Amino acid sequence: MIRITFPDGAVREYQKGITALEIAKSISEGLARKVLAASVNGQVWDATRPIEDDSALKLLTWDDADGKSTFWHSSAHLMAEAVESLFPGAKFWVGPAIDKGFYYDIDLGGRQITEEDLAKLEKKMNELVKQNSSYVRKSIPKAEALAYFTEKGDEYKLDLIGGLNDGEITFYTQGAFTDLCRGPHIPSTGPIKAIKLTNIAGAYWKNDSNNKMLTRIYGVTFPSQKELDEYLAMLEEAKKRDHRKLGKELGIFTMDDDIGPGLPLWMPNGTIIIEELEKLAKETEQAAGYKRVVTPHIAKENLYLTSGHLPYYQDGMFPPMELDGTKYYLKAMNCPHHHKIFSAEPRSYKDMPLRLAEYGTCYRYEQSGELFGLMRVRCLHMNDAHIYCSREQFAAEFRAVNDMYIKYFKIFGIEKYVMRLSLHDPAKLGQKYINEPELWLETEDMVRKVLIESNIPYVEVPGEGAFYGPKIDVQIWSTIGREFTLATNQVDFAQGRRFKLEYTGADNAPATPLIIHRAPLGTHERFIGFLLEHYAGKFPTWLAPLQVKILPISDKFMDYANTLLQSLKNADIRAEVDDRNEKIGKKIRDTELMKVPYMFVVGEKEVNENKVAVRRQGKGDLGSMDIDTIINQLKHEIATRSSDQE
RNA sequence: GCCACUUUAGCUCAGCUGGUAGAGCAACUGAUUUGUAAUCAGUAGGUCGUUGGUUCGAUUCCGACAAGUGGCUCCA
């Protein structure tokens, strides 16, 4: 007998070799039907795998993340079975569960798969589900596994096995399909009730662009059709807040073939948002002791040779233009220009820290396939600044930058993000990373301490640092689930030396400053793209391109509306009168759809009482108010940058 | 850059198997003077992404290019 400990602490005895599924059955048939896998001593196992020793057991169902991913991974195998039956000779690489669903990378031997084939595959999978085949685990000696796939001529699985040790190779079979797989899997195909193959994509073998491209099929499955329907409905909802769609609808930005890919044109409404953001940045930076600078959009080749960007990142820059035998580049970053401002005058320790800020325009030649609405563009405006400081000042400066992030995030209500602390890889010192082991450890430690003391949750990622120092990235996700760095805060102990930046210390000796690169509001492009999705287009009043729309009941009240408009303008509130010859219902509908925060409805009653009927976007009629009262309320809401959506 | 798909009026989309295009909304004009999410009528608007080819004839078939979309790679 073995002793099984359950999550609630209960301990029961069972026959040695019993499976999690059998244990579930002994509790209730209903539970057994729901069990997808089991956590045995913290490891995810097949629910059908015999348990030989005393163990801590947790039965995993659809409600557990590990249960879901087991379900999806098994679905990938099911899809592979369908692919093999429809495309005989297909070779399979890997088919993992992902955040939402699964994929399988497949070599179809030069054949193409189309959208229609996905429907066929779904149909085949549904047939296979009806057979309710068990997923059978089998341990295979390495030699036997190699022989099996050598005979099959499957170089991909042979490659995988090559990296495994004898004794840790398992095969899983369901129905007619056998695959090399670590597992675990759900007991059988039956529970996969709802299947949707979402898209086809190319994916490089082993994620290396030098390798062959495999066909990747993405899919998602659920235990019931209802859940699939809900998921698809959710995707439809997400599409509605896609910044590319909203950006067009709200007149924020546009793209034009004649301008070029990745070069957004900011329309008047978008420009208002840009100006509000810059106002916020200027206020904040001025209060924090920054000095604003302005630098040209181009510079000579030599600058980027000094910075080290040209040898490493030339592919990311627009090709140079040649004038009088000298090459000029569009700037892809502002730092070298700012360094030159630092070195333009002799600096003393009394000038430090020197904080130079600029909403700098940069051009980056992003690969065509990488461009994505406003989130990934070739012309960007960066909320950039460089802080030159001594080592002693560094921690305080870095912390102040961090505080600025938090302040901004509070204003915008940004809560769903991950702070990523990117560190160096000691093995690559001198190659990918500047060879200053002590400085790396010292600055990494300083950064880590700031994060901990500021009580900011973060994840550490070794091998992701910049070549000149560790950094913090703020990772966010677009509505369609793509990950982006919204903002970045970087330590740089290399550029100072490359540019021979110096200041005279209190001891009269020259010293090289540490540099902090920071962009808490990222770029206008990405930040506004993010905000569009974050707010679903419903900007808080201070950011809204149009803050108040005055809606006269009929044109009899136009004079009153125009007087009101003047009062709003005098109070620096962005307002317009809807002077169209339309019914009030139509005016309200159109204004709601344009997501204007406030509507002032004025008719006979309001004129007589010298009031306005206030309507809040998305909330409806707020009743009638005195003009001064509502204007003062709006002024306050705007001045405090309230994100209150009441 | 790579794989796949898409590209018809300002927007959203129709347009069996090739015979030079249609709706709704928006725009414009007129009527209506309206009370909290679409008043009615009329008018105008398209070299069917660009460019080669096949064909008596191409929006429709094939190729190239461009832009976009979903991924992959990349992201200083």
Side-chain angles (χ1 to χ4, degrees), chain A residues 98 103 105 108 112-115 117-118 198-218 239 242 244-245 248-249 254-262 304 307-317 331-336 362 364-373 375-377 380 464-468 471 473 480-485 488 490 492 495 517 526 551-558 580-593 599-606 613-624:
Chain A
I98 51 175
Y103 67 77
D105 283 348
L108 292 167
Q112 276 186 6
I113 191 164
T114 63
E115 303 282 336
D117 292 324
L118 290 187
T198 46
N199 50 10
I200 310 163
Y204 295 111
W205 182 43
K206 294 188 176 180
N207 289 340
D208 184 337
S209 57
N210 295 314
N211 284 343
K212 181 173 178 172
M213 185 157 264
L214 304 175
T215 302
R216 175 173 294 181
I217 306 176
Y218 284 89
K239 272 190 197 155
D242 188 313
R244 292 165 297 186
K245 183 175 158 64
K248 178 178 278 243
E249 286 170 0
T254 189
M255 300 276 195
D256 189 285
D257 280 2
D258 287 337
I259 303 290
Y304 300 110
S307 71
H309 287 106
L310 213 40
Y312 297 108
Y313 306 111
Q314 190 163 19
D315 289 349
M317 297 175 76
K331 70 174 170 185
M333 66 297 296
N334 304 302
C335 28
C362 299
R364 299 182 179 183
Y365 192 76
E366 303 287 358
Q367 296 185 60
S368 59
E370 276 311 312
L371 301 172
F372 178 73
M375 299 290 206
R376 195 77 182 271
V377 292
L380 42 101
E464 284 289 316
F467 76 90
Y468 47 65
K471 59 176 181 171
D473 292 322
I480 64 164
R482 219 180 274 190
E483 182 177 352
F484 289 97
T485 299
T488 184
Q490 313 181 344
D492 179 349
Q495 296 268 320
H517 305 236
R526 192 170 286 178
L551 310 178
I553 296 289
S554 82
D555 57 15
K556 282 192 280 189
F557 313 108
M558 280 302 292
R580 295 176 305 164
N581 184 1
E582 291 287 353
K583 292 175 80 169
I584 191 66
K586 170 71 166 164
K587 291 182 182 178
I588 286 172
R589 177 183 159 78
D590 289 347
T591 313
E592 286 278 349
L593 291 175
M599 281 154 268
F600 288 0
V601 178
V602 293
E604 192 169 353
K605 211 171 90 193
E606 286 71 29
V614 179
R615 185 187 166 100
R616 185 71 167 91
Q617 201 277 342
K619 265 216 106 185
D621 197 353
L622 299 185
S624 151

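All figures in this text were calculated on a predicted structure; none of them were measured in a lab. Below, all heavy atoms of this structure are taken into account, side chains as well, without hydrogens, waters or symmetry copies. Just so it is clear: chains get the letters A, B, ... in the order the sequence lines come, proteins before strands, and each one is counted from 1.
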Exam field: side chain A/D117 to backbone A/T114, donor-acceptor pair closer than 3.5 Å: yes

N/O donor-acceptor pair under 3.5 Å between A/R364 side chain and A/A332 backbone: yes

Side-chain donor-acceptor contact under 3.5 Å, A/Y468 with A/Q490: yes

Residue closer to the 5' end of RNA chain B, A/R526 versus A/R589 (nearest nucleotide): A/R589

Shortest side-chain distance from A/K248, nucleotide among B/G1, B/A76, B/C11: B/C11

Nearest heavy atoms of A/D621 and A/V614, plus distance in Å: OD1-O, 3.3 Å

Shortest non-hydrogen contact from A/R580 toward A/K586: NH2-O, 4.3 Å

Ring-face cation contact, A/F372 with A/R482, 6.0 Å cut, 45° max: yes

Sugar-phosphate only, base, or nothing, as touched by A/I553 at under 4.0 Å among non-hydrogen atoms: base

B/U36 phosphate, OP1 or OP2, under 4.0 Å from A/R616 side-chain N/O: no

B/A26 phosphate, OP1 or OP2, under 4.0 Å from A/R580 side-chain N/O: no

Sugar-phosphate only, base, or nothing, as touched by A/F484 at under 4.0 Å among non-hydrogen atoms: nothing

Touch class at under 4.0 angstrom, heavy-atom based, for A/D555 against every strand present: base

OP1 or OP2 of B/G71 under 4.0 Å from side-chain N/O of A/R482: yes

A/N207 side-chain proximity, nearest of B/C72, B/A76, B/G70: B/C72

Whole-Å gap separating P (B/G35) and CG (A/D621): 14 Å

Contact under 4.0 Å: A/S209 side-chain N or O vs B/G1 OP1/OP2: no

Closest listed nucleotide, where the reference is the side chain of A/R615 and the choices are B/G1, B/U39, B/U36: B/U36

Under 4.0 angstrom between A/K586 side-chain N/O and B/A37 OP1 or OP2: no

OP1 or OP2 of B/G35 under 4.0 Å from side-chain N/O of A/K605: no

Below 3.5 Å between N/O atoms, which protein atoms pair up with nucleotides 3-8 of chain B? Just atom names and distances, please.
unit_1 : atom_1 : unit_2 : atom_2 : d
B/C3   : O2     : A/G202 : N      : 3.1
B/A4   : OP1    : A/Q112 : NE2    : 2.7

Touch class at under 4.0 angstrom, heavy-atom based, for A/F372 against every strand present: sugar-phosphate

Listed nucleotide nearest any side-chain atom of A/R376, set B/C72, B/C75, B/A37: B/C75

Separation of atom CG in A/D257 from atom P in B/G10, rounded to whole Å: 14 Å

Dot-bracket encoding per residue of RNA chain B, Watson-Crick/G-U cut-off under 3.5 Å, | denoting interstrand: (((((((..((((.....[..)))).(((((.......))))).....(((((..]....))))))))))))....

Side chain A/T198, main chain A/Y218, donor-acceptor under 3.5 Å: yes

Interatomic distance where CE belongs to A/M317 and P belongs to B/G1 [whole Å]: 18 Å

